[in-house]
Participant: 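Following this message is one structure expressed as structure tokens.
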Amino acid sequence: MPAARESLLDAAYTALARRPWPGVRMVDVAATAGVSRQTLYNEFGSKDGLARALLRRETDGYLHGVERALAEERDPADRLAAVAAWTVGAARTNVLVRAALTGCWSERLPAPSRAAGSTSSVPAQRRADAGVPTAGELLALVRDRTVLALGGRGRVRDPDLARACESAVRLALSYVVAPAGNDDDPAEVVRGAIGRWVAAK
């Protein structure tokens, strides 16, 4: 039932754009997706389960975008700049990604949670019930993926490379939390900073 699951998650995301999460009704989500309320409960178990699945999908989507950004470029500075641009863009357009990256959850959003011992028969729901990464864990996941893309497995323990990759993401996040009042492009700022680091190596 993956198609129904995606339709339900799309409907929940759309509903969240219109009203705070406490005001989102399961019956409305099911109706928008064109399935029965029973199908919704079979898939997610509860509104909390739906919230966990929605948060998991959005954070997974962000991480897949990081991997795409890393794969599209060859030059190390360009790769980090692409990750920075993706991070800023994703956080500006998706409130759930922004909350996951910054750890700033408002009362209008579903709160991140973990289900105590998920008993769902749906594998995707068991994964969602494990909860989403914290902001720090998400940053570490991006850093580690970036280190592997730039240096391969042999340089994973290179502390300078890891610091540069983490700094690039933190710099991008600064543009999310406190947008620049000028025309600075975060990708260009990161490209310049990392370009200097790469040249120094």
Participant: Does any part of the side chain of Thr146, heavy atoms only, come nearer than 4.5 Å to the side chain of Arg79, both counted from C-beta?
Facilitator: no
Participant: Is there a donor-acceptor pair under 3.5 Å between the side chain of Arg114 and the backbone N or O of Ala130?
Facilitator: yes
Participant: Decide yes or no on side-chain contact (heavy atoms from CB on, under 4.5 Å) for Cys165 and Leu80, but give the supporting numbers first.
Facilitator: CA-CA 7 Å; Cys165 293; Leu80 284 173; 4.2 Å; yes
Participant: Are the side chain of Glu67 and the backbone of His64 linked by a donor-acceptor contact shorter than 3.5 Å?
Facilitator: no
Participant: Identify the heavy atoms of Ala168 and Ala84 that sit nearest to each other, and give their distance.
Facilitator: O-CB, 4.5 Å
Participant: Quick one: are Arg98 and Thr93 in side-chain contact, heavy atoms under 4.5 Å?
Facilitator: no
Participant: Nearest 0.5 Å please: distance from the CG atom of Asp10 over to the CZ atom of Arg57.
Facilitator: 4.5 Å
Participant: How far apart are the closest heavy atoms of Gly49 and Asp129, and which atoms are they?
Facilitator: CA-OD1, 4.4 Å
Participant: Hey, are Arg5 and Gln125 close enough side-chain-wise for a donor-acceptor pair under 3.5 Å?
Facilitator: yes
Participant: With the side chain counted from C-beta on, respond yes when Thr59 and Val97 share a heavy-atom pair under 4.5 Å apart, and no when they do not.
Facilitator: no
Participant: In terms of hydrophobic clustering (I, L, V, M, F, W, Y; side-chain heavy atoms under 4.5 Å; direct or indirect links), are Leu96 and Leu101 co-clustered?
Facilitator: no
Participant: Can you check whether Leu63 reaches Val142 side chain to side chain, under 4.5 Å on heavy atoms?
Facilitator: yes
Participant: Decide yes or no on side-chain contact (heavy atoms from CB on, under 4.5 Å) for Trp21 and Glu107, but give the supporting numbers first.
Facilitator: CA-CA 8 Å; Trp21 185 252; Glu107 64 276 355; over 6 Å; no
Participant: For a 4.5 angstrom cut-off between non-hydrogen side-chain atoms, does Ser167 reach Arg170?
Facilitator: no
Participant: Check this for me, if you would: do Arg68 and Glu72 make a salt bridge, where the nitrogen-to-carboxylate-oxygen distance has to be below 4.0 angstrom?
Facilitator: no
Participant: Between Leu138 and Trp86, is there shared hydrophobic-cluster membership here, with clusters defined by ILVMFWY side-chain heavy atoms closer than 4.5 Å?
Facilitator: yes
Participant: Could Arg163 and Asp160 be called an ion pair, given the rule that one side-chain N must be under 4.0 Å from one carboxylate O?
Facilitator: yes
Participant: Tell me whether Val132 shares a hydrophobic cluster with Leu139, the cluster being built from Ile, Leu, Val, Met, Phe, Trp, Tyr side chains joined at under 4.5 Å.
Facilitator: no
Participant: Compare every heavy atom of Val83 with every heavy atom of Ala69, then report the nearest pair and how far apart it is.
Facilitator: CB-N, 4.0 Å
Participant: Within the structure provided, determine whether Ser7 and Val35 are in side-chain contact (heavy-atom separation under 4.5 Å).
Facilitator: no
Participant: Quick check: does any side chain N or O of Arg56 sit under 3.5 Å from a backbone N or O of Gly131, one acting as donor and the other as acceptor?
Facilitator: yes
Participant: Take Leu9 and Leu50 through the side-chain contact (heavy atoms from CB on, under 4.5 Å) test and state the conclusion after the steps.
Facilitator: CA-CA 8 Å; Leu9 291 171; Leu50 175 62; 3.9 Å; yes
Participant: Is there a continuous path of hydrophobic side-chain contacts, each under 4.5 Å between heavy atoms, that joins Trp105 to Leu16?
Facilitator: yes
Participant: Among side-chain atoms of Tyr175 and Thr87, is any donor-acceptor pair under 3.5 angstrom?
Facilitator: no
Participant: Would you say Leu173 and Leu109 are hydrophobically clustered, going by side-chain heavy atoms of ILVMFWY under 4.5 Å?
Facilitator: no
Participant: Going by heavy atoms in the side chains, are Val169 and Arg143 under 4.5 Å from each other?
Facilitator: no
Participant: Please tell me if the side chains of Phe44 and Val122 come closer than 4.5 Å, counting only heavy atoms from C-beta onward.
Facilitator: no
